[in-house]
Number of protein chains: 2
Amino acid sequence: MATDAILAPADDRNINRRIGRPARTKCPPPFLSKTYDLLEEQEEENNKCKEQNKVVSWNVEGSGFVVWCPAEFSELMLPKYFKHNNFSSFIRQLNTYGFKKVASKRWEFQHIKFQKGCRHLLAEIARKKCEPSAFPAYLNPSEKSTLLARNEENTTRELLMEENQNLRKERLELQMQIAHFKTLEVKLLQCLSQCVGSPQNKTRRLF
Amino acid sequence: MATDAILAPADDRNINRRIGRPARTKCPPPFLSKTYDLLEEQEEENNKCKEQNKVVSWNVEGSGFVVWCPAEFSELMLPKYFKHNNFSSFIRQLNTYGFKKVASKRWEFQHIKFQKGCRHLLAEIARKKCEPSAFPAYLNPSEKSTLLARNEENTTRELLMEENQNLRKERLELQMQIAHFKTLEVKLLQCLSQCVGSPQNKTRRLF
DNA sequence: GGGAATATTCCC
DNA sequence: GGGAATATTCCC
């Protein structure tokens, strides 16, 4: 059983090994290297037999590439470089790395750093971040909106604390006022009892 | 070129398609189905030629399985079911689904719901969640602790609101007390002026 | 063993 | 096109 043939991409695995994050500049993502390899190797094939229809090639400017025949491309070429033969998976990867489809009637793709003859630029292409849009993937939408609401409330937290502080201050002032009134009351009552003498029924009616 | 042979796992792709989340119970994760298939099919092989050394098999109790020969297993069997021939990738998947290595000198693995003759249990096995330990992967530790702190503060938010409400209530009560005292003061002063007549200097000294 | 990046699939 | 689940790789 020709296992080597079955798992072609495994061979260059070591060459493409990416050592940690800092060494990133040295070594482009495998997908990009492989796609570039594919185009270079196919370009050679195209040059050999010019009469034949091309399956895939760089565009004339070398600023992108065209898959002229998606069916043959998927069946014959993809499995040589990747672990699948699905055109849509290939497209998905292109999108992940920020390639753009630049023609409506042709499978032509471009990326500013994916140019014929410029393999060194590949290392500067990064996967699109899975958008710092919000929250962990394991949360369902309802949980996310809860969190979102929470965060908004978090902003109100400062306002709450401020209001809280103001309320405490107000309370203190009110309590001082009341203390003052109590003293006043006592004094007034004293005064009343002094002035009026002892007919208590008169004072009683005030309360 | 025998493309079908190259991408064996693609064949049963449609059978294994998992339609949405709710239909989850119907259809186990491909990894589990394939591993189960592998064991069943290999069991048949083992029965055919009993003299040969087994590469992989259910354990005697049927409560798990043993990879007797990792090298042959990886080279010959893995590529028939998966898109690779790496024993370590296979192990990684087992761990992802919660299998345990249950022997020190043998590659024997068990999972409570992975039993010989119980294919229906497979659908109850779930991937380990990427641990709801905390936060999105793209956050660095400092950002995570910030979020953590925020969340703690978020808990205090409720307390703040409660205290706030209490303070408002208290304020209202205090204001009512003050209103009462003011009325009282007015009445006392009226009373005083009635009783004492007009020697105002006496009243003045109270304030 | 498992975290995390990349790859592949599936689905909207 | 891209979100998200699963698979594969790489590394600690």
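The shown structure was predicted, so the numbers you read here are calculated from the model rather than taken from an experiment. Order of the sequence lines sets the chain letters (A, B, ...), proteins ahead of strands, with each chain counted from 1.
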Original post:
Between B:Asn86 and D:dT8, is there a side-chain N or O to OP1/OP2 distance below 4.0 Å?
Top reply: no
**OP:** Would you check if the distance from the ring center of A:Phe109 to the ring center of A:Phe90 is below 6.0 Å?
**Re:** no
**OP:** Between C:dT9, C:dA7, C:dG1, spot the one nearest the side chain of B:Lys101, thanks.
**Re:** C:dG1
Original post:
Relative to the ring of B:His111, is the ring of B:Phe99 parallel (under 30°), tilted (30 to 60°) or perpendicular (over 60°)?
Top reply: tilted
Subject >> B:Lys80/B:Asp37 ion pair, N-O < 4.0 Å >> reply: no
Original post:
How long is the line joining NZ of A:Lys34 and C1' of C:dT6, in whole Å?
Top reply: 10 Å
Subject >> side-chain hydrogen bond (donor to acceptor under 3.5 Å, both in side chains), paired with B:Trp58, selected from B:Gln42, B:Glu40, B:Gln115 >> reply: B:Glu40
Original post:
Which whole-number value in Å describes the distance from A:Gln93 CD to D:dG3 P?
Top reply: 14 Å
Original post:
Nearest to the side chain of B:His84 - D:dT8, C:dT8, C:dT6?
Top reply: D:dT8
Original post:
For D:dT6, does either OP1 or OP2 sit under 4.0 Å from a side-chain N or O belonging to B:Tyr97?
Top reply: no
Subject >> Nucleotide of C:dA7, D:dT8, D:dT6 approaching B:Phe82 most closely (side-chain heavy atoms) >> reply: D:dT8
**OP:** Return the nearest nucleotide to the side chain of B:Asn95; candidates are D:dT8, C:dT9, C:dG2.
**Re:** C:dG2
**OP:** Could you tell me whether A:Glu45 and A:Lys48 make a salt bridge, using a distance below 4.0 angstrom between a side-chain N and a carboxylate O?
**Re:** yes
Subject >> Options C:dT8, D:dA7, D:dG1, nucleotide nearest the side-chain atoms of B:Pro30 >> reply: D:dA7
Original post:
Which nucleotide sits closest to the side chain of A:Phe31: C:dA7, D:dT6, D:dG2?
Top reply: C:dA7
**OP:** Select one nucleotide: of D:dT6, D:dT8, C:dA7, the one nearest the side-chain heavy atoms of B:Arg127.
**Re:** D:dT6
Subject >> Euclidean distance, atom CZ of residue A:Phe90 to atom P of D:dG1 [Å, nearest integer] >> reply: 14 Å
**OP:** Could you check which of C:dC10, C:dT6, C:dG2 has an atom nearest any side-chain atom of A:Arg92?
**Re:** C:dC10
Original post:
Between A:Ile91 (CD1) and C:dT9 (P), how many Å, whole number?
Top reply: 13 Å
Subject >> From D:dG2, D:dA7, D:dT8, nucleotide with atom closest to A:Lys128 side chain >> reply: D:dG2
Original post:
Given D:dT6, is OP1 or OP2 found less than 4.0 Å from the side-chain N or O atoms of B:Lys83?
Top reply: no
Subject >> Whole-Å gap separating C1' (C:dT8) and CG (A:Leu94) >> reply: 14 Å
